[in-house]
Amino acid sequence: MAAARKVKVIVLTTAYRLEGEIQVAEGANLMDELNRCREFIPLHKATLFDPVGGRALDTLEFIAVNKPQVLMIAPVNAEKA
């Protein structure tokens with residue numbers, strides 16, 4: 001497996017807000033990884049938030065996010081994207 005780095009992101013879906021990490025191959029950027037993903041985006045060390053109240057609902061080691069449900073993905077620290 002090729003070396004990868006972790007990029008912290010905020011993911012807004014039609015139902016939830018998530019914060020977690022996407023693994024990005026060395027030499028690639030976040031958009032490269034998102035374009036590579038097929039139907040689901042793998043998110044590691046994710047916290048699931050209530051989109052209205054902002055309350056943390058759960059912490060998950062891994063979640064696969066269905067791409068058609070994603071409204072927005074933003075790096076937490078744009079310098080690392």
Side-chain angles (χ1 to χ4, degrees):
M1 181 177 178
R5 62 188 173 90
K6 297 172 185 170
V7 176
K8 291 185 180 185
V9 294
I10 297 169
V11 179
L12 182 62
T13 71
T14 56
Y16 298 101
R17 180 173 60 90
L18 298 108
E19 293 183 14
E21 298 174 344
I22 293 179
Q23 293 186 4
V24 176
E26 284 298 329
N29 62 38
L30 181 57
M31 278 307 297
D32 293 335
E33 186 62 30
L34 295 175
N35 288 331
R36 188 185 75 75
C37 294
R38 292 189 172 84
E39 191 173 343
F40 290 88
I41 298 168
L43 194 61
H44 302 268
K45 297 182 181 175
T47 302
L48 180 67
F49 293 91
D50 175 351
V52 177
R55 181 175 58 94
L57 301 173
D58 203 353
T59 301
L60 309 161
E61 212 36 55
F62 174 81
I63 186 170
V65 181
N66 190 336
K67 235 181 175 179
Q69 301 301 312
V70 174
L71 301 174
M72 182 267 321
I73 296 178
V76 172
N77 183 345
E79 294 176 1
K80 293 184 180 181

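Computed from a predicted structure; not experimentally measured.
Note that CZ of R17 and CG of L71 are 13.5 Å apart. Values are rounded to the nearest 0.5 Å. For the atom pair L60 CG and K45 NZ, the distance stands at 13.5 Å (nearest 0.5 Å).
Shown here are the side-chain hydrogen bond (donor to acceptor under 3.5 Å, both in side chains) partners of E21, two or more places apart in sequence or in another chain: there are none. Residues satisfying the side chain to side chain contact (heavy atoms under 4.5 Å, CB included) test with T59, not counting sequence neighbours, are T47. When the side chain to side chain contact (heavy atoms under 4.5 Å, CB included) test is applied to E26, the partners found at least two apart in sequence or on another chain are A3, R5.
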Review item, side-chain donor-acceptor pairs of residues 7-15, under 3.5 Å, at least two apart:
from : atom 1 : to  : atom 2 : distance (Å)
T13  : OG1    : A15 : N      : 3.1
T13  : OG1    : Y16 : N      : 2.8
T13  : OG1    : Y16 : O      : 3.1
T14  : OG1    : Q69 : OE1    : 2.7

* Asked: L34 and I41: side chain to side chain contact (heavy atoms under 4.5 Å, CB included), yes or no, with the steps?
  -> CA-CA 7 Å; L34 295 175; I41 298 168; 4.1 Å; yes

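In terms of heavy atoms, G20 sits closest to L43 at C-CD1, 3.9 Å. When all heavy atoms are compared, the tightest approach of I63 to A46 is CG2-CB, 3.9 Å. Closest of all the heavy-atom pairs between I22 and P42 is CG1-O, 3.9 Å.
Note on V52 and L48: separate hydrophobic clusters, where clusters join Ile, Leu, Val, Met, Phe, Trp and Tyr whose side-chain heavy atoms are under 4.5 Å apart, directly or indirectly. Cluster annotation: F49 is not connected to V70 through the hydrophobic network of ILVMFWY side chains, with a link wherever side-chain heavy atoms come within less than 4.5 Å.
Among residue pairs with one or both ends in residues 48-59, none qualify as salt bridge (Lys or Arg N to Asp or Glu O under 4.0 Å); sequence neighbours excluded. Annotation: ring-ring contact (aromatic ring centres under 6.0 Å, His included) contacts involving residues 58-77, sequence neighbours excluded, comprise H44-F62.
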